[in-house]
Structures are given as C-alpha cells and as structure tokens.
Amino acid sequence: MKTHTLLMPLDMHLHLRDGIMLENIAPLSAFSFSGAVVMPNLVPPITTLEEVKAYKQRIIAAVPNDYFEPYMTLFYKNYSKAFLKSVVEEIIAIKLYPAGITTNSEGGVSSFDIEEMRPTLEAMSELNIPLCVHGETDGFVMDREAEFMSIYELLATSFPNLKIIMEHITTKAAVDMLDKHDNLYATITVHHLLFTLDDVVGGMMMPHNFCKPIAKRPEDLDALLSVALEAHPKVMFGSDSAPHPQDKKENCGCAAGVFSAPIALQLLCEIFEQYDRLDNLQAFVSDNAQNIYGICPEFKEVILEKRPFVIPNIYANVVPMYAEQALNWAIADIE
Ligand code: NCD
Ligand code: ZN
C-alpha cells in the first residue's frame with residue numbers, strides 16, 4: 001500500500017475556541033499535528049498575559065497527550081513596549097483584525113493610522129514578534145483582500161524589520177505580494193486550495209464551505225495552488241479551521257468558518273499527489289513554518305496511507321467540510 005510520511009506537521013492558523021467546543025475539537029488537531037498557532041478571537045479576545053497563560057492551560061488540559069504545542073497569540077491592540085516585553089516569552093505572534101471584518105473581531109483595528117500603530121509595531125519589530133494579519137477591507141466582498149494590498153505594502157515598507165504574515169490568502173494579488181517585500185509571508189488553508197466561489201454559492205448554497213475571506217475566482221485558485229505546490233519558502237499551511245456548532249451554520253444567518261482540522265492532512269496529501277508534488281508537502285506543512293517562525297517542534301511522525309476514508313458527517317456538533325465524502329488518503333499511524 002502506498003504511504004506518505006509527514007514529520008511534525010504544523011497548523012499555523014487555527015481556531016480552538018473555548019469551553020466544551022475546545023474540549024471536543026482540540027484533541028482532533030492534537031492527534032495529527034505537532035502544534036498550531038492558536039487564534040485569539042475568543043469572546044472577549046485574548047489581550048492580557050494572564051489570559052494567554054490561562055487559555056494555554058485550558059488547551060493543554062483539553063488534549064490527551066503531550067505532543068501538541070499550542071503556539072499562543074494575542075489580539076492586536078496598540079500595546080506598550082513594556083507590556084510586550086512582559087508577554088514576549090508566552091506568545092508566537094500578535095493577530096490583527098480589522099474591526100468587525102469576521103467572527104469575533106469587533107474589538108479590532110478601526111483605522112490603519114500608521115503613526116498611531118508605530119510604537120507598538122516598532123516594539124514588535126525589536127522584540128521579533130511577528131504580526132499576523134486578517135487582510136480584508138470593508139469593501140465589496142470579492143475585492144476586500146485585493147483592496148487590502150496597499151495596507152500590506154504600507155506596513156511592510158514602514159516596518160521593514162517586522163515579520164508580517166498575510167493570513168489565509170485567497171487571491172493572486174496576495175500571491176504576487178510575496179516576492180515584492182522581504183518581510184511579507186503567507187498562510188494558505190486547504191479549502192482555499194480546493195474551492196472557488198462556485199463551491200460556496202454556484203449551485204445550492206453550501207454553508208459549510210462559507211468562510212472569511214470567501215473563496216475567489218479560478219485564477220486566484222491557480223495562483224494559490226502554484227505557490228503551495230512548489231512550497232514557496234514564504235508560504236505555510238494554516239488551516240483556519242474555524243468550528244461553529246451545526247445550528248449556527250445551518251441557519252438563515254450562517255456563521256463564517258470552515259471546519260477542516262481533522263481532515264486537513266488527508267486532503268493535502270490528495271491535492272499534492274494529484275499534481276505529483278507530494279515531495280513538497282513536508283515543506284508546506286512544517287519546514288517552511290519552522291524556518292519562518294524559528295520554531296523546533298517535538299518529534300512526531302504521521303503516516304498516511306492511500307486507502308479510502310469517508311469523512312464523518314459530524315464531529316461532536318460540528319459539521320466538517322466535505323462531510324460524508326470519500327477521500328483517497330487516511331491517517332494510518334502516529335508516532
Ligand atoms: C473565523 C472564525 O470563525 O473565528 N472565521 C472564518 O471564516 N475564517 C475567523 C477568521 O479567521 O476570519
Ligand atoms: Zn482564522
């Protein structure tokens with residue numbers, strides 16, 4: 001049987017939530033990943049040292065083994081340098097959301113006034129704290145990411161020593177930015193390597209494929225595939241797996257977020273095999289992230305087997321993407 005081994009897979013953008021949801025879904029990521037960058041958009045968001053430490057403890061308590069590292073983040077505010085020094089050892093990055101642009105982002109940034117942000121972003125540069133950005137404006141939904149490119153340029157040129165990660169990119173415009181500025185990097189989800197807008201609303205409306213940023217055009221999908229499949233060194237896998245209870249998705253006001261964590265590695269194997277690039281998957285799901293963030297996860301080996309695997313219709317009360325569909329790859333063993 002054909003197998004493919006991945007070492008220390010990392011999910012560089014993950015929503016783990018809190019309470020019962022955390023307890024139900026964190027073990028699924030801990031099973032197949034070595035670690036994950038955990039998003040801070042709880043209600044209320046994570047903005048203090050005490051909250052980061054307490055949330056990390058709740059995550060560790062929710063996972064059944066020691067082989068999963070939660071890399072913690074703070075929700076961006078204009079923090080002081082003294083505060084950042086006090087928290088630097090506890091976090092891997094700070095996540096910036098434009099106010100109101102996505103789930104639980106109401107307390108985000110309402111204007112990109114560089115002078116207002118300068119003290120914080122300079123302190124982050126000096127302390128080597130990367131800035132992860134949800135890069136969307138409040139414009140027309142299909143143009144929001146492309147419109148944000150001028151803000152990425154402003155940030156990248158104003159703070160040349162700040163590592164800026166364009167999170168969950170969905171456009172050719174964002175792919176093109178990668179080679180323009182040394183300090184811009186990106187995460188890409190697995191669903192954005194599969195979907196265009198047609199997979200969300202082209203036929204029946206598919207609530208479980210609906211997320212922010214929304215999937216775009218075929219030419220955007222091609223651009224994302226090209227940098228992911230070549231494992232461009234500035235690109236990392238980040239699932240943006242964002243669980244919502246079934247009744248919040250199958251609802252007349254469907255929450256944004258695709259739940260992919262438990263099937264992400266299987267799907268990635270399938271995509272990379274389809275394009276005959278399985279050899280690049282290791283760099284995309286781990287090595288690039290280790291280099292970009294300077295992290296060294298504990299050893300973990302995930303062996304995938306090429307055999308049929310049917311995705312469950314539900315995990316606890318969360319419906320995954322591609323529920324009940326058959327994949328060609330399954331996780332066979334973890335060491
Ligand atoms: C995320 C969530 O539900 O927290 N939703 C999403 O559609 N991706 C927030 C986010 O990352 O935008
Ligand atoms: Zn997210």
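Read the numbers this way: they start at 1 and go in the same order the structure lists the ligands and their atoms. Everything quoted here is computed from the prediction, not taken from an experiment.
Atoms of ligand 1 lying under 4.0 Å from any heavy atom of Asn41, numbered from 1 in the order shown and given with element: 2 (C), 4 (O), 9 (C). The distance from ligand 1 to the heavy atoms of His13 drops below 4.0 Å at these ligand atoms: 11 (O). Within the listing of ligand 1, atoms 8 (N), 11 (O) sit less than 4.0 angstrom from a heavy atom of Asp240. Atoms of ligand 1 found under 4.0 Å from any heavy atom of Ala242 (numbered from 1 in listed order, with element): 1 (C), 2 (C), 3 (O), 5 (N). For ligand 1 and Cys211, the ligand atoms under 4.0 Å from any heavy atom of the residue are 7 (O). Those atoms of ligand 1 that come under 4.0 Å of a heavy atom in His134, given as number and element, are 12 (O).
Looking at His13, its N, O or S atom nearest to the Zn ion (ligand 2) turns out to be NE2. Its N, O or S atom nearest to the Zn ion (ligand 2) is what matters here, and for Asp240 that atom is OD1.
Tyr97 has its ring centre less than 6.0 Å from the ring centre of Phe75. For Phe112 and Phe148, the ring centers sit closer than 6.0 Å to each other. His168 and His13 have their aromatic ring centers within a separation under 6.0 angstrom. Phe272 and Phe284 have their aromatic ring centers within a separation under 6.0 angstrom.
In this structure, Arg17 has a heavy atom closer than 4.0 Å to ligand 1. Remark: distances from the non-hydrogen atoms of His244 to ligand 1 include one below 4.0 Å. No heavy atom of Asn104 sits closer than 4.0 Å to any atom of ligand 1.
Checking only distances, Tyr97 never comes within under 3.5 Å of ligand 1, N or O to N or O. The shortest N or O to N or O distance between Lys95 and ligand 1 is not below 3.5 Å. Annotation: Phe210 places no N or O atom under 3.5 Å from an N or O atom of ligand 1; distance criterion only. Backbone and side-chain nitrogen or oxygen atoms of Gly257 are examined, and one is located within less than 3.5 angstrom of a nitrogen or oxygen of ligand 1.
A salt bridge between Asp176 and Lys172 is present, with a side-chain N of the basic residue lying under 4.0 Å from a carboxylate O of the acidic one. A salt bridge links Glu273 to Lys306: one of the charged nitrogens lies within less than 4.0 Å of a carboxylate oxygen.
Met236 pairs with exactly one of Leu10, Ile165, Asp11, Val37 by the side-chain contact (heavy atoms from CB on, under 4.5 Å) rule, that one being Ile165. Each of Glu89, Glu50, Glu69, Glu51 was evaluated against Lys56; a single residue qualifies, Glu69, per the salt bridge (charged side-chain N to carboxylate O under 4.0 Å, His left out) test.
Evaluated by nearest non-hydrogen atom to atom 9 (C) of ligand 1, the leading choice among Ile101, Thr102, Ile214 is Thr102.
Ring planes of Phe237 and Phe33: parallel class, angle under 30° (limits at 30 and 60°). Tyr79 and Tyr76 have perpendicular rings, their planes meeting at more than 60° on a 0 to 90° scale where under 30° would count as parallel.
Under 3.5 Å, the side chains of Asn209 and His191 contain no donor-acceptor pair of N or O atoms.
The single protein non-hydrogen atom nearest to atom 5 (N) of ligand 1 is Ala256 O, 3.2 Å, given as residue, atom name and distance. In terms of protein heavy atoms, atom 7 (O) of ligand 1 is closest to Lys212 N, 2.8 Å.
Taking 4.5 Å as the limit, some side-chain heavy atom of Met321 sits within range of a side-chain heavy atom of Leu267.
Both tests hold for Lys234 against Tyr185: distance to the six-membered ring centre under 6.0 Å, angle to the ring axis within 45°.
Not a single N/O/S atom of His134, whether from backbone or side chain, sits less than 2.8 Å from the Zn ion (ligand 2).
Counting heavy atoms closer than 4.0 Å to ligand 1, residue Glu167 contributes nothing at all. Contacts between Met39 and ligand 1, counted as non-hydrogen atom pairs separated by less than 4.0 Å, are absent for every part of the residue.
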